[in-house]
Every structure is written in structure tokens, then in C-alpha cells.
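Naming: A, B, ... by sequence-line order, numbering from 1 per chain.
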2 protein chains.
Amino acid sequence: MSDQLSQTFAALADPTRRAILSKLSLGEANVSDLAKPFLKEMSLPAVTKHLKVLEKAGLITKTKEAQWRPCKLNAEGLKDVSDWMEPYKAFWEESFDRLDEYLKTVTNKKKKRKSHGNKK
Amino acid sequence: MSDQLSQTFAALADPTRRAILSKLSLGEANVSDLAKPFLKEMSLPAVTKHLKVLEKAGLITKTKEAQWRPCKLNAEGLKDVSDWMEPYKAFWEESFDRLDEYLKTVTNKKKKRKSHGNKK
DNA sequence: CGGTTAATTAACTAATAAGTTTAATATAAA
DNA sequence: TTTATATTAAACTTATTAGTTAATTAACCG
């Protein structure tokens, strides 16, 4: 995996971790607060591990306050994802470019054949 | 992992797969075309597997044309990612809401302390 | 038909991920 | 100083992922 963006995507590829981020978007929270909604499904150390994944991906920051570890959302890491997505937006925001590209390749590929209008 | 969005994020958590999507954004391509840039680093079956991951995530569609398998970008799956990101955008597009939330939690947490204006 | 090209399948290995339970650390509070 | 609370660490298990090589399928072409 290795690279930063891959690490970020991998961190987001888990519903528990996404729920944690969502919670943190409302403000700081410490580990046991964040864990509470999941303690029926998994143990506290499991949540700690999820937090570590998020931290390594740079999506949250953990600080110290007595025996608590307040966590804070670090949304700049999400910006990298957003930037990566940018060029693809044209594909779902109705775009002429998209259709353009598509048709170009189709006509190239099927130049030698006669039927080129019956596939879906 | 299980859910759709997680599967999509997981599929994106690999630079080879992202490169494949990028290539496909320029138009259809069959498997060996897509594999070509990676054949120094990995085998053809490895690429086949990456394509399968992308296909299962709904990010590409593979069709049949004689012995070729033209692949096409399916960017609607990326829209789901984009939608998920939406609420977080406020955090990096300089937003008053964000600062607002942040300060609220900070002042709550540090009510008993005196210094609460020297963080960043 | 026989060979070539395109792609997949099968069987396997090694590394990583996600969870567990038990134990340890550190701070606060009585 | 003891006890309770918050969190992490260690050791382990199981499942999944990413890759390999060798074999197979399928379609085309001379």
C-alpha cells in the first residue's frame, strides 16, 4: 500500500472508522466516548486500533489530557481524496467531454466492423 | 468490510488500481492495454485481479469483444465517495462553521483552565 | 487443423488487517 | 497508599489481500 493517498483510502474503507470521523466532525471526543457506540460489536482495544489507523493516515490527531486522549478531526487528509476525485467529477456531473471521449474510443475500436450501434 | 462504500474505498486504496481508473478516464481499454504499464512490476494475472476488484466495487465494467475484454470507467461509484465527502468539505474550505465547532469544544474542555487562546 | 493471442483460473505463499483476551501503564480520587 | 478509570500493549487467531507460476479457456488467423 505504502503511499499517503492509499493509506487514506484504506483508512476510509471501514464503516466503524467512517462513523468515528463523522462523530469527530461534531467536535473533539476522547477514546471511550468514541468507542461507546461500538462496544456491543467490538472491544475497546479494537477501537483503539481503528483510531491508530486513522491517526497514521493523518485523519485525526490525538492529544493528552490527564488520562484521556481527546481526538480531533484532521480533515486536510480528506482534501487529498477530494483533489484526487476532482478530474472524475466530469463523469457524473452531466458532461459533454465525457460523452465525447467515450464515443471517440468506441468509433476507433470498431472501425473494421460494420455493427457499431447495438451494444447497449 | 462488506458494505458498498467500504468496498469502493478499498478498491481505491491501491495506486495500481487508481492508475487503471485514470487510464480508463481517457476511454475504453482492454486488459492487456491496461496491464502494459505494470508488467515490469507485476504479472498479467495480478492485473486481472486488480480489475476484478474494481469491477466488484462497481468502478469499471468489463464487456466482451472477441478475445478482448474492453473495460470502461463507471464513475457513478465515485459519486458515492464524493457524496460521503461532502459534509467534510467545510473543514478545509475555510469555513466559519468549522472554526465555530472547534472553538466550542475547546472552551468546554478547558473551562477550568485559564489559557484557551494559544492553540495554533 | 494448428498456432497465436487475450485473458482467466487454480493452487499456492507471504504479508497485512481486524479482531480477540489478558496484562500493563498512567492519572485521578478517596 | 489503595482503588478506580482511561487507554494502550502484547500475544495470538483468523481472514483477506496481493502477488506468484503453471495450466486452461476461448477466439482468431494462416
Is the distance from OP1 or OP2 of C:dG19 to the nearest side-chain N or O of A:His50 less than 4.0 Å?
-> yes

Given the side-chain rings of B:Trp92 and B:Tyr88, with only the six-membered ring counted for Trp, is the space between their centroids under 6.0 Å?
-> no

Interatomic distance, [X] [atom1] vs [N] [atom2] [rounded to whole Å]:
X: A:Leu54; N: D:dT8; atom1: CG; atom2: P; value: 13 Å
X: B:Phe9; N: D:dT16; atom1: CZ; atom2: P; value: 21 Å
X: A:Phe38; N: C:dG19; atom1: CZ; atom2: P; value: 11 Å
X: A:Leu39; N: D:dT5; atom1: CG; atom2: P; value: 15 Å
X: B:Glu65; N: D:dA26; atom1: CD; atom2: C1'; value: 15 Å
X: B:Asp3; N: C:dA18; atom1: CG; atom2: P; value: 13 Å
X: B:Ile20; N: D:dA18; atom1: CD1; atom2: P; value: 12 Å
X: A:Glu41; N: C:dA18; atom1: CD; atom2: P; value: 15 Å

Side-chain ([X]) to main-chain ([Y]) donor-acceptor, under 3.5 angstrom:
X: A:Arg69; Y: A:Ala29; value: no
X: B:Arg17; Y: B:Ala11; value: yes
X: A:Thr8; Y: A:Gln4; value: yes

How are the rings of A:Phe9 and B:Phe9 set relative to one another: parallel (under 30°), tilted (30 to 60°) or perpendicular (over 60°)?
-> tilted

Run the salt-bridge test on B:Arg18 and A:Asp3 with the 4.0 Å N-O cut-off and return the result as yes or no.
-> yes

salt_bridge(B:Lys72, B:Glu28) N-O dist < 4.0 Å | no

Are any protein N/O atoms closer than 3.5 Å to N/O atoms in nucleotides 6-12 of chain C? If there are, list each pair with its distance.
unit_1 : atom_1 : unit_2  : atom_2 : d
C:dA6  : O3'    : B:Gln67 : O      : 3.4
C:dA7  : OP1    : B:Val31 : N      : 3.1
C:dA7  : OP1    : B:Arg69 : N      : 3.1
C:dA7  : OP2    : B:Ser32 : N      : 2.6
C:dA7  : OP2    : B:Ser32 : OG     : 2.3
C:dT8  : OP1    : B:Lys62 : NZ     : 3.1
C:dT8  : OP2    : B:Thr48 : OG1    : 3.0
C:dT9  : OP2    : B:Lys52 : NZ     : 2.7

With no hydrogens and no angle check, do the side chains of B:Ser6 and A:Asp14 hold a donor and an acceptor under 3.5 Å apart?
-> no

Find the bend of the helix from C:dC1-D:dG30 to C:dA30-D:dT1 as the angle between its two terminal axes (five pairs each), to the nearest 10°.
-> 10°

Sequence neighbours left out, what passes salt bridge (Lys or Arg N to Asp or Glu O under 4.0 Å) with B:Glu86? Give chain and number order.
-> B:Lys89

